[in-house]
J.: 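Sharing a structure with you now.
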Amino acid sequence: MTSVELLVDAFGRIRAVVHGTVEGLTPEQLAVRLDDDANSIAWLVWHLTRIQDDHIADVAKTDQIWTSQGWVERFGLSFDARDTGYGHRREDVAEVNVDSGDLLVDYHDAVHEQTIRYVERVTDADLDRIVDEGWDPPITLGVRLVSVVNDNTEHAGQAAFVRGIVERR
């Protein structure tokens, strides 16, 4: 397995969890929060997709799908267009509601497509390229991609966990 195949597989697994977690749930189920400070499925999927969109667009030097394809308007959130959900408070989490899980899945699929188009062009030598000098040590492309996979996997798993509780209620 090559580095590219590994990354494509990892992002594909995240996509599969997103689909399996969201599909078939009502807007009310997607908005369930286990307590006032917990994240809903809708927020978790929106956030993990925003992180992937933001971070991949940055390293690929492309526009985010969120703004370039009108997703910011479709979601209709009051947040700044650059907001990814990092540091959100309970009121912010509560704002991420959708009329249908299709909105979440369709946005994720659009981001996934851009991610895969980019990742398929990455070479092993590219993985050592510094993409963020704001850290010590500086962040390489390889570290950034693994970071996105890790963040997305954690949040997708959290969303799947909440779905399991929602289904048992």
Side-chain angles (χ1 to χ4, degrees), residues 6-60 63-116 118-119 132 139 143-169:
L6 182 71
L7 290 165
V8 168
D9 184 71
F11 283 110
R13 289 173 189 237
I14 293 162
R15 181 179 177 267
V17 173
V18 164
H19 276 255
T21 299
V22 171
E23 290 176 348
L25 294 183
T26 67
E28 295 77 25
Q29 290 171 315
L30 292 166
V32 166
R33 296 167 70 193
L34 302 182
D35 66 38
D36 291 341
D37 290 319
N39 298 321
S40 67
I41 295 168
W43 186 89
L44 287 161
V45 170
W46 171 82
H47 169 65
L48 75 86
T49 307
R50 287 293 298 123
I51 291 295
Q52 187 178 141
D53 191 4
D54 174 76
H55 288 31
I56 298 300
D58 181 58
V59 297
D63 293 330
Q64 292 182 30
I65 298 297
W66 182 245
T67 51
S68 69
Q69 293 186 12
W71 292 100
V72 65
E73 291 85 12
R74 286 181 232 177
F75 274 79
L77 303 171
S78 67
F79 313 140
D80 182 279
R82 294 168 295 183
D83 196 332
T84 63
Y86 181 77
H88 270 188
R89 300 174 324 242
R90 66 171 58 178
E91 299 82 15
D92 302 320
V93 171
E95 184 176 336
V96 181
N97 287 301
V98 294
D99 293 333
S100 166
D102 292 344
L103 185 66
L104 293 165
V105 169
D106 291 348
Y107 173 48
H108 187 81
D109 285 350
V111 170
H112 176 78
E113 288 173 23
Q114 176 163 291
T115 296
I116 298 306
Y118 173 70
V119 167
D132 188 346
I139 304 297
V143 168
R144 178 58 45 87
L145 292 172
V146 168
S147 176
V148 173
V149 167
N150 181 65
D151 177 82
N152 278 203
T153 300
E154 286 183 15
H155 286 45
Q158 291 166 357
F161 174 80
V162 174
R163 180 187 175 118
I165 292 172
V166 166
E167 288 179 326
R168 285 168 181 78
R169 288 185 167 174

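Keep in mind the model is a prediction, meaning the values are calculated, not measured.
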J.: With rounding to the nearest 0.5 Å, note down the distance linking CD in E154 to CG in L48.
T.: 11.0 Å

J.: For residues D83 and H88, is any side-chain donor paired with an opposing acceptor at under 3.5 Å?
T.: yes

J.: I need the full list of salt bridge (Lys or Arg N to Asp or Glu O under 4.0 Å) pairs touching residues 97-114, with sequence neighbours left out, sorted by first then second residue.
T.: R15-D109

J.: Do the side chains of V32 and E28 get nearer than 4.5 Å, heavy atoms only?
T.: no

J.: Which value, rounded to the nearest 0.5 Å, describes the distance between R82 atom CZ and T67 atom OG1?
T.: 11.0 Å

J.: Is the backbone N or O of D92 less than 3.5 Å from a side-chain atom of R89, with the two atoms forming a donor-acceptor pair by type?
T.: no

J.: How long is the straight-line distance from CD of Q52 back to NE2 of H112, given to the nearest 0.5 Å?
T.: 7.5 Å

J.: Let me confirm one number: the CG-NE2 distance from D151 to H47, rounded to the nearest 0.5 Å.
T.: 5.0 Å

J.: Check I14 against V149 and note the closest heavy-atom contact, atom names and distance.
T.: CD1-O, 3.8 Å

J.: Hey, mind stepping through D58 and R144 against side-chain contact (heavy atoms from CB on, under 4.5 Å) and telling me if it holds?
T.: CA-CA 10 Å; D58 181 58; R144 178 58 45 87; 4.1 Å; yes

J.: Take Y107 and L103, measure what side-chain contact (heavy atoms from CB on, under 4.5 Å) needs, and give me the verdict at the end.
T.: CA-CA 6 Å; Y107 173 48; L103 185 66; 5.8 Å; no

J.: Checking side-chain polar atoms at under 3.5 Å, does R50 have a donor or acceptor matched by the opposite partner on Q64?
T.: yes

J.: Can you measure from CZ (R90) to CG (D35) and round to the nearest 0.5 angstrom?
T.: 8.0 Å

J.: Kindly indicate whether the side chain of W66, heavy atoms from C-beta on, has any atom under 4.5 Å from the side chain of D54.
T.: no

J.: Grab the two heavy atoms, one from Q29 and one from G24, that are nearest each other, plus how far apart they are.
T.: OE1-O, 4.2 Å

J.: Between R13 and T153 (side chain of the first, backbone of the second, donor and acceptor by atom type, cut-off under 3.5 Å), is there such a pair?
T.: no

J.: Identify, with sequence neighbours excluded, every residue that meets side chain to side chain contact (heavy atoms under 4.5 Å, CB included) alongside E95.
T.: L77, S78, F79

J.: Do R163 and I41 have side chains that approach each other closer than 4.5 Å (heavy atoms only, starting at C-beta)?
T.: yes

J.: Hey, what do you get for OG1 (T21) to CG (L104), rounding to the nearest 0.5 Å?
T.: 11.0 Å

J.: Answer yes or no: are there more than 12 heavy-atom neighbours, outside R169 itself, under 6.0 Å from its atom CZ?
T.: yes

J.: Can you name the nearest heavy-atom pair linking P27 to S100, along with the distance?
T.: CG-N, 4.3 Å

J.: Restricting to non-hydrogen atoms, name the atom on I65 and the atom on A110 that form the minimum distance, rounded to 0.1 Å.
T.: CG2-CB, 3.8 Å

J.: Give the ring-plane orientation class for W43 versus W46, where under 30° counts as parallel, over 60° as perpendicular and anything between as tilted.
T.: tilted

J.: Side chains of I56 and L145: closer than 4.5 Å at any heavy-atom pair?
T.: yes

J.: Does some side-chain heavy atom of L34 sit less than 4.5 Å from a side-chain heavy atom of F161?
T.: yes

J.: Looking at T49, N152, D53, which one forms a side chain to side chain donor-acceptor pair (under 3.5 Å) with H108?
T.: T49

J.: Would you mind reporting whether V59 and Y118 have side-chain heavy atoms less than 4.5 Å apart?
T.: yes

J.: So, for S40 and L30, which heavy atoms are closest and what is the spacing to 0.1 Å?
T.: CB-O, 3.4 Å

